[in-house]
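No experiment lies behind these values; they were computed from the predicted model shown.
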Amino acid sequence: MAAAAMLPQATTALAGAAQRGSHHDTDVVYEVPAHHKQDAQTLIAAGYDLLERRQGDHLFVLGDRKTGDGLRRLGFAPTVVQTVKRPASGKTAAGDTYDGGYHTVGAHYAHLDQLAAQHPDLATVVTYGKSWLKQTGSGGNGLKAVCVTKMKPGDCSLSPNSAKPRFFLMSQIHARELTTGEMSWRWTDELTGQYGKDPDITKLMDTTEMWVVPIANPDGVDIVASGGDNPVWQRKNADDSHGSSCGWSGQTGVDLNRNAGTHWGGLGTSTQPCNEVYLGPAADSEPENAALEGLFRQLYPAVRTGTGDSDPAPADARGMMISLHSDASMVLFPWESDHRVHSGNDAALRALAGRMGSITGYQSGQAGEILYDASGGTDDWTYDKLGLASFTIEIGDSDGRGCDGFTPAYSCQDSYFWPKIEPALRYAAQHAAAPYRSAD
């Protein structure tokens, strides 16, 4: 549903989750030089909002005007690199877009339905679960995916024994990372609009199923969109059952990308409910994650039979998954939970990530090698439980084009990000048939 049409009973939950964004006079981004490998974990443990961005040894923290004092007390030397004024009253979301053109949850879901209606031979929509607010009877959203392919009998069925290999793209599991949802929107438009026109897209659609979850955290995106032209920087879902108010210093909800049931509770997580990387009360506790993992199990066989971190998926395993994030300008792969441990398919994953990094101009590596370790993420889960070749692409401004941050000017979507991301998605989808054998 669009933010302007939220059910009344959802208003309290959204208002509580948005408290931080609406009361801050100014959001401030600090550049923080790091001198030790553990500095990122120190900042996370201290409760700071460590952004998915890194330049060499420099980390970035989001806070307010007082955050710098706290960082200095910890022994860091922060520098202000960005301030964002947040007026007390902004233009709220109206209709299908906000903040210059970004699409609301309702608009994304209407777009999926429109694709299926206009191209019944190319697209079908699946509702695979309910968000936390919807499950608790407080408004909220269904969880939706679209399968895009040139339909043949049996295609897009919820069975792991598919005739075609499957490429899975998901976005906005972190609600405030707005560019990611827009890239998924454009990807589905390209696949359906260019079928029969572009020979590479036509071949891809004839041979591969493309699955897309454009909004993995719809309740969180509703909170973001409720700020209208001043989006609320909500990262987590709307689950406030572990603390309904975090004041000005935190944010209610669970970080869905720390809640997945693999290496849960490891590096890069927090047990404090107001922390930005709060892992939740238990692995897979959040309905958004449980439903998404259920969908993955319906689409992919579990081919990685070993349980050890170094046990590989077989070389002939099919399928690929990419989770889009922002804005570090990186391509990451398992294990993201601990860079000191390599997976059994490390060479192939590293080669595929390197190729996508070359296409986009991004760094590639395990998260802790080039960003920071982060446990309980989606791509670790899909690789661990299913053996699926899995990646995170951190979309960012690697060229100094003025398109950095979570909410860059909407014009950056078509002028800058899409031409960079589209060829990487093509490459990945074209290698879904045999990713571990075709890392070239």
Heavy-atom closest pair, residues [X] and [Y]:
| X | Y | answer |
| --- | --- | --- |
| A291 | L143 | CB-CD1, 3.7 Å |
| Y372 | R258 | CE1-NH2, 4.0 Å |
| K66 | D64 | N-OD1, 2.9 Å |
| D229 | G100 | OD1-N, 4.2 Å |
| I370 | S364 | CD1-C, 3.6 Å |
| A107 | W185 | O-CZ3, 3.6 Å |

How long is the gap from [atom1] on [X] to [atom2] on [Y], to the nearest 0.5 Å?
| X | Y | atom1 | atom2 | answer |
| --- | --- | --- | --- | --- |
| L50 | Y30 | CG | OH | 14.5 Å |
| S184 | I215 | OG | CD1 | 8.0 Å |
| L59 | L371 | CG | CG | 8.0 Å |
| Q41 | D373 | CD | CG | 6.0 Å |
| R53 | D404 | CZ | CG | 5.5 Å |
| K144 | L295 | NZ | CG | 14.0 Å |

Say whether, by atom type as modelled, one donor and one acceptor occur between the side chain of [X] and the main chain of [Y] under 3.5 angstrom.
| X | Y | answer |
| --- | --- | --- |
| E209 | R166 | no |
| D379 | F333 | no |
| N289 | L256 | yes |
| T202 | G196 | yes |
| D99 | Y102 | no |
| R54 | G56 | yes |
| N259 | L279 | yes |
| D49 | E276 | no |
| D219 | S131 | no |
| S326 | G396 | no |

- Query: Can the ring centres of F168 and F296 be said to be less than 6.0 Å apart?
  - Reply: yes
Side chain to side chain, [X] and [Y], heavy atoms closer than 4.5 Å:
| X | Y | value |
| --- | --- | --- |
| S226 | V232 | yes |
| Q172 | V224 | no |
| D255 | K236 | yes |
| M320 | L352 | yes |
| L62 | R176 | yes |
| S162 | R318 | yes |
| H119 | D121 | yes |
| L292 | M170 | yes |

Charged N to carboxylate O under 4.0 angstrom, [X] versus [Y]?
| X | Y | value |
| --- | --- | --- |
| R426 | E190 | yes |
| D200 | K203 | no |
| K150 | D206 | no |
| R235 | E52 | yes |

- [ ] Could you please spell out the steps behind the side chain to side chain donor-acceptor pair (under 3.5 Å) verdict for N237 and E288?
- [x] CA-CA 9 Å; N237 73 352; E288 294 91 347; 3.3 Å; yes
Review point. Honestly, is R401 close enough over Y416, meaning NZ or CZ under 6.0 Å from the six-membered ring centre and within 45° of the axis?
Key: no
Just do the side chain to side chain contact (heavy atoms under 4.5 Å, CB included) check on I201 and L191 with the steps written out, would you? CA-CA 6 Å; I201 291 294; L191 294 173; 4.0 Å; yes
Can a side-chain donor-acceptor contact be found between [Y] and [X] if the only test is distance below 3.5 angstrom?
| X | Y | result |
| --- | --- | --- |
| T179 | Q413 | yes |
| D155 | T149 | no |
| S390 | T382 | yes |
| T392 | E336 | yes |

Just do the side chain to side chain contact (heavy atoms under 4.5 Å, CB included) check on Q82 and D27 with the steps written out, would you?
-> CA-CA 8 Å; Q82 183 182 6; D27 284 327; over 6 Å; no
| request: Would you sort out whether H111 and D189 count as a side chain to side chain donor-acceptor pair (under 3.5 Å), showing the intermediate values? | output: CA-CA 9 Å; H111 178 242; D189 276 355; 2.7 Å; yes
Show, in sequence, the C-alpha distance, side-chain angles and deciding distance for S375 and D380, and conclude whether the side chain to side chain donor-acceptor pair (under 3.5 Å) test is met. CA-CA 8 Å; S375 305; D380 273 10; over 6 Å; no
Evaluate the criterion side chain to side chain donor-acceptor pair (under 3.5 Å) for residue pair E31 and H58; output intermediate values, then yes/no.
-> CA-CA 6 Å; E31 186 173 356; H58 290 223; 2.7 Å; yes
Practice task
Please work out whether the ring planes of H263 and W335 are parallel, tilted or perpendicular, with thresholds of 30° and 60°.
Solution key: perpendicular
With E182 as partner, the option from W187, Y410, W418 fulfilling side-chain hydrogen bond (donor to acceptor under 3.5 Å, both in side chains) is Y410
Requested in this report: Tell me, with the steps shown, if Y278 and V254 meet side chain to side chain contact (heavy atoms under 4.5 Å, CB included).
Outcome: CA-CA 5 Å; Y278 174 51; V254 173; 3.7 Å; yes
**Prompt:** For V213 and I173, what are the C-alpha separation, side-chain angles and deciding distance, and is it a side chain to side chain contact (heavy atoms under 4.5 Å, CB included)?
**Reply:** CA-CA 10 Å; V213 172; I173 194 169; over 6 Å; no
